[in-house]
Amino acid sequence: MKIDRMRVFMTRDKDRPRVIVALDTDDGLTGWGECYNHGPDKALPPLLDYLFGFVSGQDPTRVEYLVNLLIQQSRFPPGALGLAAISALDHCLWDLAAKAVNVPVYKLLGGEVRDRIKVYAGVYTAPDAPAARDEFDRLKEGWGFTAFKLSPWRIDMHSNRWGNVVKASADYFRSLRETVNDEYEIAFDAHAKIFEPIAARQLGNALAPYDPLFFEEPLRPENIEAWGDLKQGLNCTLATGESLYNRNEFLRLLQVKGADLIQPDICVVGGISEMRRIATLAEAFFVGVAPHNPMGPLATAVNVHFSAAAQNFRILEYRLPKGQAYVYGGLDIEKREGETRYVVDPYLPKDGYLELRPDRPGWGVEMDEKAMEEEGYIHWQRRVPKRPDGSYAFA
């Protein structure tokens, strides 16, 4: 069995662009993978064309061998776009290797250590407590969710005194706890908008009395040692890692005791191959893994198999393939709806968990090539806010 063709689809996941990759073999198998959506998505197809030259004609079951080649052939460590492309190719290789022996991917990873995968619903805005209660209850009734992630930002952090910003967030969480079902777990994603560690600590400690599931990525990722400073004196669970690229960066984060939960993204770090190494490092530091996964249903399928086989997995970020579009920030529940069609049979929650599919080889999903072509590409880019003085703030 040899790899003899690659196909790249520029398509959409509701209102976000997605780059989906297929590797075909000479005996008729197809492996599928998903790139991360960093923004300049149209840069990915030519990059994938270049990388395909290193795997064309190769045996896809030599996953570690080929992924290592893709990493090592870069004279300098690959960054965001390079690793997004390598991640998708890694996914394709694992899918092909499992299909070649007619087993789920998690069986090649040592087998499942759990029977189902706990998920939380990304709500991402900061709706008033009654609206949040109604949304949580709707998601609980329909899919069994008992864990959710919101934004902590109730007022503009740039045009209000910081103490009032912190107070507004604390008051908000208190009102949530007084309003929603007490069994619900609530995480907050600060979205890397805070510059100073002391300010991030102040916000985290204001949320802490109301028992957040975790406090996610308040700071930018570049100065890893600053995360160790932040965690000293922080009284809630600190989570981060979506913007880190490889095992070396995660090792530094763990060494400075900069996180209680790490959040690597399987479409960012180089795929399952690197994700497993990162998880093993975290396990040695008694740190759990809560994968970052705001992506499409194929990326969710890949995460299911990683999570099934990772001993220190805790919970997976999840977006329903049909329903609200993706939005971050603001005070309202997103009303725009859409449907992601490129996966025919996506993993859907039951009682707040994703069930494994032991009778399905590879990722366990069927792809719809016609839907990818019909949906086509949609442009998206981040909105970068401005401060009152006219300077740009973190997006």
I need the [X] [atom1] to [Y] [atom2] distance, nearest 0.5 Å.
X: Cys267; Y: Leu298; atom1: SG; atom2: CG; answer: 7.5 Å
X: Asp211; Y: Phe173; atom1: CG; atom2: CZ; answer: 6.5 Å
X: Ile86; Y: Gln73; atom1: CD1; atom2: CD; answer: 6.5 Å

Cluster question for you: counting only ILVMFWY and a side-chain heavy-atom cut-off of under 4.5 Å, with indirect links fine, are [X] and [Y] together?
X: Val269; Y: Val67; result: yes
X: Ile315; Y: Met275; result: no
X: Val55; Y: Trp94; result: yes

Student check: side-chain heavy atoms of Leu23 and Thr30 closer than 4.5 Å: no

Using the ring of [Y] (Phe, Tyr or Trp, six-membered ring only), decide whether [X] places NZ or CZ under 6.0 Å from its centre and within 45 degrees of its axis.
X: Lys149; Y: Tyr120; value: no
X: Arg220; Y: Phe394; value: yes
X: Arg177; Y: Tyr210; value: no
X: Lys118; Y: Tyr353; value: yes

Which atom names give the shortest non-hydrogen contact between [X] and [Y], and what distance separates them?
X: Pro221; Y: Leu244; answer: CB-CD2, 3.9 Å
X: Ile266; Y: Ala299; answer: CG2-O, 4.4 Å
X: Ala282; Y: Val289; answer: CB-CG2, 4.4 Å

Phe148 ring center near Tyr184 ring center (under 6.0 Å):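 Distance test on ring centres: under 6.0 Å, yes.
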
So [X] and [Y], would you call those rings parallel, tilted or perpendicular, with 30° and 60° as cut-offs?
X: Trp153; Y: Trp162; answer: tilted
X: Tyr50; Y: Phe54; answer: perpendicular
X: His191; Y: Tyr328; answer: parallel
X: Tyr347; Y: His305; answer: perpendicular

Salt bridge present between Arg16 and Asp13 (N-O < 4.0 angstrom):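 Looking at Asp13 together with Arg16, the answer is no, because their closest N to O distance does not fall below 4.0 Å.
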
Is a donor from one side chain sitting under 3.5 angstrom from an acceptor on the other, for [X] and [Y]?
X: Thr300; Y: Asn293; answer: yes
X: Ser243; Y: Glu217; answer: yes
X: Ser273; Y: Asp90; answer: yes

Verdict with reasoning, Glu249 to Ile224, per side-chain contact (heavy atoms from CB on, under 4.5 Å): CA-CA 8 Å; Glu249 292 182 339; Ile224 289 177; 4.2 Å; yes

